[in-house]
Amino acid sequence: AEEGLECVARGEAEFGINFLGASRSDLKFTSLLDDDFIVACRADHDFAARRSITWSDLVGQPLIISQRSGNRALIDQALSKSNLRLNWSFEVVHISTSLGLVDEGIGIAILPRLAIPDSKGRPIVAVPVCDPAVRRTVGIVERRAGQTSRAATDFRRMLIDEAKLICDAAVRGRRSDVAALRGRAFRRVSA
């Protein structure tokens, strides 16, 4: 998160995608969507059959989190008023490492929902965590005084349009639509 902000601030990138918790005064933030944190566990884990779990359910579980993403700070801040002591067994650099450890049954990962790839072919299940719901606001970060190229402007517009479609589907409560749109958006961005 911090590296991305620095690249935008130095002009190495015309804009970046980041989360609100990493804001700076020299940059402006345009919100795209809210992204809830979930637990990623194997399909054979006890949590996999549940519709949701609470943070207190996670006490004593071997937890995996990405150390450089800023996610741990957001979770710690959100849970600071509770007396929960979570067992951060593994702090990894990359989310893909988190998912690999989950795949091997080493622990369960706390991840933003958007970080979970299409689970087809993987024995990983995403379970919402509530009480409290912890989320981050994902958006576009750009220099306040900067101008963007036509290509960056078009790409920015596409991101905003795709995020709106995802948010509209989420409001309608159609998780299958959200998953399909999210997959389509990532395919468009990657192309």
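These numbers come from the heavy atoms of this one structure, side chains and all, not from hydrogens, waters or symmetry mates.
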>> Please enumerate all residues that pass salt bridge (charged side-chain N to carboxylate O under 4.0 Å, His left out) together with Asp34, with sequence neighbours excluded.
In response: none
>> Test of understanding: with side chain to side chain donor-acceptor pair (under 3.5 Å), list the residues that count as partners of Ser31, not counting sequence neighbours.
In response: none
> With sequence neighbours excluded, what pairs up with Cys167 under the side-chain contact (heavy atoms from CB on, under 4.5 Å) test?
Replying inline: Leu33
> If you take all heavy atoms of Pro123 and Asp103, which pair is closest and at what distance?
Replying inline: CD-OD1, 3.3 Å
> When rounded to the nearest 0.5 angstrom, what is the spacing between NE2 in His94 and OG in Ser66?
Replying inline: 8.5 Å
> Got a salt bridge between Asp35 and Arg135, using NZ or NE/NH1/NH2 to carboxylate O under 4.0 Å?
Replying inline: no
> Is the shortest side-chain N to carboxylate O distance from Arg50 to Asp57 below 4.0 Å?
Replying inline: yes
> Is the shortest heavy-atom distance from the side chain of Ser56 to the side chain of Leu84 under 4.5 Å?
Replying inline: yes
> How many angstroms lie between CD1 in Ile17 and CG in Leu114, if you round to the nearest 0.5 Å?
Replying inline: 10.0 Å
>> With a 4.5 Å cut-off on side-chain heavy atoms, are Val127 and Ile38 touching?
In response: no
>> For Ala126 versus Arg113, what's the shortest heavy-atom pair and its separation?
In response: CB-NH1, 4.3 Å
>> Using side chain to side chain contact (heavy atoms under 4.5 Å, CB included), reason through Val129 and Thr54 one step at a time and then give a plain yes or no.
In response: CA-CA 5 Å; Val129 186; Thr54 66; 5.9 Å; no
> How about Ile160 and Phe155: do any of their side-chain heavy atoms sit closer than 4.5 Å?
Replying inline: no
>> Once rounded to the nearest 0.5 Å, what's the spacing between atom CD1 of Ile108 and atom CD1 of Ile124?
In response: 12.0 Å
> Do Ile65 and Ile75 come within less than 4.5 Å of each other through their side chains, counting heavy atoms only?
Replying inline: yes
> Which heavy-atom pair separates Pro132 from Ala78 by the least distance, and what is that distance?
Replying inline: CG-O, 4.3 Å
> Who are the side chain to side chain donor-acceptor pair (under 3.5 Å) partners of Arg143, not counting sequence neighbours?
Replying inline: none
> Do Val138 and Asn18 have side-chain heavy atoms sitting under 4.5 Å apart?
Replying inline: no
> Judged by atom type as modelled, is there a donor-acceptor pair below 3.5 Å linking the side chain of His45 to the main-chain atoms of Phe47?
Replying inline: yes
> Are any non-hydrogen side-chain atoms of Leu58 and Asn87 less than 4.5 angstrom apart?
Replying inline: no
>> Return the OG1 to CG distance between Thr137 and Leu32, rounded to the nearest 0.5 Å.
In response: 10.0 Å
>> Set out, in order, the CA-CA distance, both residues' side-chain angles and the distance that settles side chain to side chain contact (heavy atoms under 4.5 Å, CB included) for Val102 and Arg42, then state yes or no.
In response: CA-CA 6 Å; Val102 171; Arg42 288 174 47 107; 4.3 Å; yes
>> For the backbone of Phe19 and the side chain of Arg136, can you confirm whether one donor and one acceptor N or O come within less than 3.5 Å of each other?
In response: no
>> Listing request: all salt bridge (charged side-chain N to carboxylate O under 4.0 Å, His left out) pairs with a residue in residues 123-132, at least two apart in sequence or in separate chains.
In response: none
> Any side-chain heavy-atom pair from Thr30 and Glu142 closer than 4.5 angstrom?
Replying inline: yes
> What do the steps show when you test Ser98 against Leu111 for side chain to side chain contact (heavy atoms under 4.5 Å, CB included), and what is the final call?
Replying inline: CA-CA 9 Å; Ser98 298; Leu111 300 168; 4.3 Å; yes
> What closest approach, in Å, do Ala48 and Cys41 show between heavy atoms, and which atom pair accounts for it?
Replying inline: N-SG, 3.8 Å
> In Å, rounded to the nearest 0.5 Å, how long is the span from CG of Leu99 to CD1 of Ile116?
Replying inline: 5.0 Å
> Listed by chain and number, what are the side chain to side chain donor-acceptor pair (under 3.5 Å) partners of Glu12, not counting sequence neighbours?
Replying inline: Arg10
> Who passes ring-ring contact (aromatic ring centres under 6.0 Å, His included) against Phe37, sequence neighbours left out?
Replying inline: none
> Can you list the residues that meet the salt bridge (charged side-chain N to carboxylate O under 4.0 Å, His left out) rule with Asp154, with sequence neighbours excluded?
Replying inline: none
>> Just to verify, what does Asp26 make a salt bridge (charged side-chain N to carboxylate O under 4.0 Å, His left out) with, not counting sequence neighbours?
In response: Arg24
>> Restricting to side-chain contact (heavy atoms from CB on, under 4.5 Å), what partner residues turn up for Pro62, sequence neighbours left out?
In response: Ser89
>> Test of understanding: with side chain to side chain donor-acceptor pair (under 3.5 Å), list the residues that count as partners of Ser82, not counting sequence neighbours.
In response: none
> Do Val134 and Trp55 have side chains that get closer than 4.5 Å, going by heavy atoms?
Replying inline: yes
> Does one side chain, of Arg144 or Ser25, offer a donor that lies under 3.5 Å from an acceptor on the other?
Replying inline: no
> Above 12 or not: heavy atoms from other molecules or residues under 6.0 Å from CD of Glu91?
Replying inline: yes
> Quick one: salt bridge (charged side-chain N to carboxylate O under 4.0 Å, His left out) partners of Glu14, sequence neighbours excluded?
Replying inline: none
>> Please evaluate residues Ile140 and Phe29 with respect to the criterion side chain to side chain contact (heavy atoms under 4.5 Å, CB included), reporting the C-alpha separation (whole Å), side-chain torsions for both, the decisive distance (0.1 Å), and the verdict.
In response: CA-CA 6 Å; Ile140 297 171; Phe29 183 85; over 6 Å; no
